[in-house]
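The chain is numbered in sequence order, starting from 1. These numbers come from the heavy atoms of this one structure, side chains and all, not from hydrogens, waters or symmetry mates. In listed order, ligands and their atoms are each counted from 1.
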Amino acid sequence: IDVAKIRNFSIVAHVDHGKSTLADRLLELTGVIKPGHENRQVLDQLQVERERGITVKAVTASLNYTFNNEQYLLNLIDTPGHVDFSNEVVRSVKACQGVILLVDANEGVQAQTVAVHSLAKRNNLIIIPTLNKVDLPRADPENVKAQLKSLFNINPDDVMSISAKKGWGVQELLQAVITKIPPPPADFKKHFKANIIDTWHDKYRGIMCLAYIESGTIQVGQTVKWRSDLKQHTLKYLALLRPGEEPIDKAVAGQVVMVGCGPKGGGCVGDQLLSLESAENIKVATAPTVKHMVYAGIYPADQSQHTQLSDAIKKLALNDSAVSVNIDSSPALGQGWRIGFLGLLHLDVFTQRLLQEHKAEAILTAPSVPYKIKVKGSKLIKQYKGDEVLITNPLQLPEASNILEYYEPLVIGTIITPVEYIGAVTTLCVDRRGTPLPSSAVDDKMTMMQFVLPLSEVVIDFHDTLKSLTSGFASFDYQDHGFHPSALVRMDIVLNGVLVDELCTIVHTSRLEYTAKKLTAKLKEMIPRQMVQIAIQAIVSGKVYSRETIKAYRKDVTAKLYGGDITRRKKLLKQQSEGKKKMRSVANIKIPRNTFIDVLKR
Ligand code: GDP
Ligand code: MG
């Protein structure tokens, strides 16, 4: 195959603007699937994706297309559309030379359109601006073209118009992909080198990788080595994904292919597969540069399911390289894991996949963001290997007196909203400790606002609140803005004078009273009355910010049965004693297990 006939591209867009639908049309046009099945969304393979209507994993399809009597190989990389998954977007974008920037002609430019546009710009990709859903009666292509002009300086004459649903303009779009996007800058003559852009686990064949071949050629049976450990393997599997596998014997620079070296063959995202002759002979750490924005503990619903859950997490983590997995344990919840995610949706999708694809039942703790602290004292500095420490769980915090400074992650939030909600959006953002940046008009009805916001204020329910404040019309996206010093403190929860480690949190000083009241009130609600009176206190550096009391009382579940049916009575007593097993005891107080999970949720 001739490199000049290869195009690697991706479709990027705000969620729901039609990526999956367009991908289906492209598959039809190139004969991969039969036309006529509207919205089959072939690339949305995972069950979660179908249920939630979002694309989680990027999937590639190699398409054959004839244009001007020439055969082209078009590699389409479908990208996920949600803010949480920008890691996957970035990764797939790296294998592309151009993108189709899809914008709903009815909704216009949304927050994520801005984000994916700047991503494509940063990577020097050719952008094919395309309006979708022009079949809708309320579509306003001229206005959306004007938005693209004012925000991105895109010439209205360069904008294509399609209806992915009806198939209008899709041929022309494919031809634009060929004429506007350059072939990959691949070199056959150099040694073989391929970048791994995705991996997944195959029960029988081991780790399978999606690879973009940067240079050289490769053949099944050839010996290759990984950049990360220089270990040698035989290339066992080589295939095009159309998106079903089509085995091939040979592949060349510029292609996007599936590779595998068998059950012990290894491979991870960010690593490179090299030919033996390659001069690169130094091991290189290939840890993907992923920033985890949200952490949560995951525990088996029952300790007997520990091994099963462990297996499931390992397999899923392999397919989802964006998560970080560390072993964790808690007196209340037992042995488990602390897992880092890109965002809350990522966390949701991960646990749902754990359940659906691996049949593992898990308990999630409240999510938290990572913090950084500066510590003093040579002992601590030695222990942490430096004076700056990343804290992914408030439990890891040292004594307050040893902490010199706290840092929290900030983000730049982009909100596109109808102008009538500017006031409400500003109030929300200021309420969440946000600092406004200059805003700009999208058109005469919509405006783009930007704020610097603490991530902790964004990850929990910011998006939902924004949506309900603006009747669903505002869109939101955020990008990382790094760690900054912040007036944070550790808030402790004390029951009858005893500190409960698992309930401590990191709180901004402007929120002490509010958080203290909320935590103690919630605990009062969640902890059942017991033989002893329980005092609940929220304390910061020795000062009590809130206190609640639960009066002593023996809860007799059978009391209201008036002697009644003996089997029913026995059953209830049994249930009560089973409930007790799931309790954590602190100072003779029994705390239901789910308290630790629910109390910190907003
Ligand atoms: P994605 O989130 O970007 O993958 O968007 P989808 O492809 O899942 O499309 C979101 C919704 O828009 C679905 O209900 C589609 O049927 C609908 N849709 C996509 N393209 C068109 C189009 O050209 N016209 C109309 N009327 N609806 C479309
Ligand atoms: Mg989709």
**Asked** According to the interplanar angle, ranging from 0 to 90°, do the rings of F476 and Y478 count as parallel (below 30°), tilted (30 to 60°) or perpendicular (above 60°)?
**Response** tilted
**Message:** Using heavy-atom distances only, which candidate in I11, N132, D104, T21 approaches atom 6 (P) of ligand 1 most closely?
**Reply:** T21
**Request:** Could you tell me whether K166 and ligand 1 have an N or O pair separated by under 3.5 Å?
**Result:** no
**Message:** Distance to the ring centre below 6.0 angstrom and angle to the axis at most 45 degrees; does that hold for R432 and F462?
**Reply:** no
**Prompt:** Under 30°, 30 to 60°, or over 60°: which ring-plane class applies to F152 and H117, parallel, tilted or perpendicular?
**Reply:** parallel
**Fill in**
Near L136 (heavy-atom distance under 4.0 Å), the atoms of ligand 1 are 26 (N)
**Asked** Among H17, K133, K19, E107, whose heavy atom sits nearest atom 21 (C) of ligand 1?
**Response** K133
**Prompt:** N/O to N/O below 3.5 Å, does that happen between L22 and ligand 1?
**Reply:** no
**Item:** Short N or O distance, I162 and ligand 1, threshold 3.5 Å exclusive
**Value:** no
**Asked** What ring pair (Phe, Tyr, Trp, His ring centres under 6.0 Å) pairs are there with at least one residue in residues 411-447, not counting sequence neighbours?
**Response** none
**Prompt:** Quick one: which ligand 1 atoms are inside 4.0 Å of a heavy atom on S163?
**Reply:** 22 (C), 23 (O), 24 (N)
Please tabulate, one pair per line, all N/O donor-acceptor pairs under 3.5 Å involving side-chain atoms of residues 445-454, not counting sequence neighbours.
residue, atom, partner, partner atom, Å
T447, OG1, S440, O, 3.2
Q450, NE2, T414, OG1, 2.8

**Item:** Pair E214 + R227: basic N to acidic O under 4.0 Å
**Value:** no
